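The block underneath contains the structure these notes are about, expressed in C-alpha cells.
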Protein chains: 2
Amino acid sequence: MDKISVLVADDHTLFRKGVRKMLEVEEDMQVVGEAATGREALEQARTLMPDVILMDIKMPDLDGVEATRTLCQEMPHVGIIFVTMFQDDEFVFRGLQAGGRGYILKDADPETMLRAIRAVANGESLLGPTIAQKALRHFSALPGKQAPLVDELTPRELEVLTLIAEGLCNKDIARELSISEKTVKNHINNIFSKLHLYDRTQAMLYAIRQGLVKVDET
Amino acid sequence: MDKISVLVADDHTLFRKGVRKMLEVEEDMQVVGEAATGREALEQARTLMPDVILMDIKMPDLDGVEATRTLCQEMPHVGIIFVTMFQDDEFVFRGLQAGGRGYILKDADPETMLRAIRAVANGESLLGPTIAQKALRHFSALPGKQAPLVDELTPRELEVLTLIAEGLCNKDIARELSISEKTVKNHINNIFSKLHLYDRTQAMLYAIRQGLVKVDET
DNA sequence: CCCCAAATAGGCCCGCCGACCCTTCCCTGC
DNA sequence: GCAGGGAAGGGTCGGCGGGCCTATTTGGGG
C-alpha cells in the first residue's frame, strides 16, 4: 500500500516544518505539500489530492472551516483533521459539520496526531473524548431522546426560537415579546451557541426538524 | 348604530382635508382623526380606536405596511384600507399580509371609497378586481392546485429556492451552482417578487409548506 | 429575422444580522 | 449573605442580505 499523503495547512511555518520532520521518520506517511493560507490549501489539495489534510482553523485569506466546506464538496474522500491551539468547541462543531473528520490540539502527544492521521486516512474519525461526547449528542438522533439540546434552552430562548422559526425578523420578535431588539439578539446568540448553530435559517430548520413549530397552515 | 369612525393617515394635508369633507356629507361615517406619518397613525389609532383607517402606503417615519403590521397585532378588529397613488402590487400584497383589508387608488371614484369603508367597517374586505384575482390565487390553498405560484418560477429559480430552503447562504448557493454570488442574488430577487416574499426565511417557509424540500433527515 | 425571456454578472447602497464586549436586576439555591 | 444563572438592555463593528439598475449572451418563438 502507498504511503499516506499528507498536506499541512497552517500559517505558522515552524509548525509545518515540525510536522514534516515528525512524519519523515514514519514509514507509512509523508508530507506532500504545505499551505500557509486557506486558499493555498484549496489549490494544493486540488493538485496534490492528498489522503489527509492537517488543517489549522485560524488561517489568513480563508479559514479552515470554509476551506473544508469547499473541499469536502469537491473531494468527498479527503480526510481533514483540524489542528487548533486551544479547544474552541464552536469552531470544532462547525468544522465537523463542514465535513472535517478529526480534531487534535497543537500541544497533543505526537502519537495522538499519528493515530489521528492513520484513522482518518482509513476513513475513520478520531475525536478527543470531550468533543466526541458533545458531538455524538449533537449529531445522533437517538430514538430515546427526541430533543437532545433543546432542553438546554431557557423558556424565553425557546420562545424566541419558535418566533425565528415562524420567519419573524428580530424587530418583529422584539415587538411580539415587548422587549428590546438588543435583548432578542442576546437570546438568539445564546440559542446559537447552545444548539451549535450559526444563523437564523439554521435555527429555523432545527426548530422545524424538532417539531417545535407547525408548518402547514398560514 | 354609531357612525363609522375613520382615521385618515396620509402625509398630504390636502388629501386628508378632502377626505374629511367628503365624509362630512355622509350620515353613517365621520373622520375622527388625521395623521401625517406612520408613527402618528399608530398613536392616533391607539387613542381614538377608530373603526376604519385610510392608510397611505408611502409615509415618512414609518410606512403604512409597517404601521398596519403593528396595529393589527394590537387591535385586530380595526379595518385598514390602503390608499395609494398607483397600483403597486408588491406593496399591496405586503399590506394585505400585514393585515390590511382593503385597497383603493387615490383617483378612484369617491363612491368606491365609501363602499370600501362600509365594507371594511362591516368586517368584510374590498379589493379591486385585478388585485382580488392575484390575491386569491396567492392566499387561497385551493385543493386542485398545489402550487399556485411556484410554477411561475424558472427551473433555475426553483433550484435556488430549494437551496435557500436547505439553509444555504448566498455564497454556498453560488458555490453549489458554480455561478456568481451576484447571480444568486438576482435569482433570489426574482423569486421574492414572483412569490411576493420579502426575505429568505419567508422563502424557506414557503418552500417547506409547498413540500419542495424534505425536512426530516439531516 | 427580430424580439423576448432566461441566465449570468457587475456596481452601489443601506439596513439588518450576528459577534463580542459590557451592565443591571432579580430570583433561587447553597 | 453570596454565588450563579436567567432576563433585559446597551455599544460597536464587520459582513451578508436584499433593493435597484444596467449589461451581455444565448436560445426559442413569433
Side-chain angles (χ1 to χ4, degrees), chain A residues 38 57-58 60-63 65-66 69 88-91 93-94 150-161 163-165 167-204 206, chain B residues 57-58 61-63 65-66 69 88-91 93-94 150-161 163-206:
Chain A
I57 285 186
K58 297 190 193 308
D61 224 17
L62 189 70
D63 78 25
V65 175
E66 276 307 303
R69 198 187 311 280
D88 181 341
D89 285 13
E90 294 320 305
F91 268 112
F93 274 111
R94 294 178 54 178
V150 169
D151 49 9
E152 292 187 357
L153 297 182
T154 67
R156 200 54 159 175
E157 286 160 1
L158 207 61
E159 211 169 354
V160 172
L161 177 56
L163 292 177
I164 290 176
L168 277 68
C169 67
N170 289 346
K171 199 181 299 176
D172 290 338
I173 295 174
R175 269 199 284 264
E176 181 78 22
L177 300 180
S178 302
I179 58 178
S180 152
E181 197 177 339
K182 303 286 183 176
T183 308
V184 173
K185 288 189 177 186
N186 286 332
H187 287 314
I188 290 179
N189 269 323
N190 292 333
I191 293 170
F192 287 166
S193 61
K194 284 186 183 178
L195 301 184
H196 311 298
L197 305 170
Y198 34 96
D199 70 27
R200 65 196 306 105
T201 65
Q202 297 299 318
M204 272 183 92
Y206 192 97
Chain B
I57 286 187
K58 296 191 194 307
D61 225 17
L62 187 71
D63 77 25
V65 175
E66 276 308 303
R69 198 187 311 280
D88 182 341
D89 285 12
E90 292 321 302
F91 267 113
F93 274 111
R94 294 178 54 178
V150 170
D151 50 9
E152 291 188 356
L153 297 181
T154 68
R156 200 54 158 174
E157 285 161 1
L158 206 62
E159 210 168 353
V160 172
L161 177 56
L163 293 176
I164 290 176
E166 285 168 12
L168 277 69
C169 67
N170 289 345
K171 200 182 298 175
D172 290 337
I173 295 175
R175 268 200 284 264
E176 182 76 22
L177 300 179
S178 302
I179 58 179
S180 154
E181 197 178 336
K182 302 287 183 179
T183 308
V184 173
K185 288 189 178 188
N186 287 331
H187 288 314
I188 290 179
N189 270 322
N190 292 333
I191 292 170
F192 287 167
S193 61
K194 284 185 182 177
L195 302 185
H196 311 298
L197 305 170
Y198 33 97
D199 70 27
R200 68 196 305 104
T201 65
Q202 296 300 317
M204 275 182 90
L205 289 177
Y206 191 99

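So that the names make sense, note that chain A is the first sequence line, chain B the second, and so on, each numbered from 1. Since the model is a prediction, treat every value here as computed from it, not as a measurement.
Between Thr154(B) and dA7(C) there is a side-chain polar atom (N or O) within less than 4.0 angstrom of OP1 or OP2. Contact check, Asn170(A) against dC16(C): no side-chain N or O comes under 4.0 Å of OP1 or OP2. Residue Thr183(B) places no side-chain N or O under 4.0 Å from the OP1 or OP2 atom of dA7(C). A sub-4.0 Å separation between OP1 or OP2 of dC16(C) and a side-chain N or O of Arg200(A) is absent.
In this structure, Ile173(A) places its CD1 atom 13 Å from C1' of dG18(C), rounding to the nearest Å. Between the CG atom of Asn190(A) and the P atom of dA7(D) there is a distance of 9 Å, given to the nearest Å. Protein atom NZ of Lys182(A) is 12 Å distant from nucleotide atom P of dG9(D), rounded to whole Å. Residue Ile179(B) contributes atom CD1, which lies 18 Å from atom P of dT25(D) at whole-angstrom precision. In this structure, Phe192(A) atom CZ and dC17(C) atom P are separated by 10 Å, rounded to whole Å. Rounded to a whole Å, the CD1 atom of Ile191(B) is 11 Å from the P atom of dG18(D). One atom, NZ of Lys185(B), and another, P of dT22(D), lie 18 Å apart when rounded to the nearest Å. The CD-P distance, from Glu181(B) to dC16(D), rounds to 7 Å in whole Å.
Side-chain atoms of Val184(A) and Lys171(A), non-hydrogen and from C-beta on, never get closer than 4.5 Å to each other. Between Asn170(B) and Arg200(B) there is a side-chain heavy-atom pair separated by less than 4.5 Å.
Between the side chain of Glu66(A) and the backbone N or O of Asp63(A), no donor-acceptor pair lies under 3.5 Å. Glu176(A) contributes no side-chain N or O that, together with a main-chain N or O of Leu163(A), makes up a donor-acceptor pair within less than 3.5 Å. Remark: the backbone N or O of Thr154(A) is paired with a side-chain donor or acceptor of Glu157(A) at under 3.5 angstrom.
When distances run from any side-chain atom of Ile188(A) to the nucleotides dG18(C), dA7(C), dA7(D), the shortest one goes to dG18(C). Distances were taken from every side-chain heavy atom of Lys171(A) (C-beta onward) to each of dC17(C), dG9(D), dC16(C); the shortest belongs to dC16(C). Comparing dT8(C), dC20(C), dA7(D) by their closest approach to the side chain of Asn189(A) singles out dC20(C).
Backbone-only engagement by Ser180(B) is indicated by non-hydrogen atom pairs under 4.0 Å involving sugar-phosphate atoms exclusively. Contact annotation for Asn186(B): base contact, defined as any heavy-atom pair under 4.0 Å involving a base atom.
When each of Leu177(B) and Leu168(A) is assigned the nucleotide of DNA chain C with its nearest heavy atom, Leu177(B) is the one assigned upstream, toward the 5' end.
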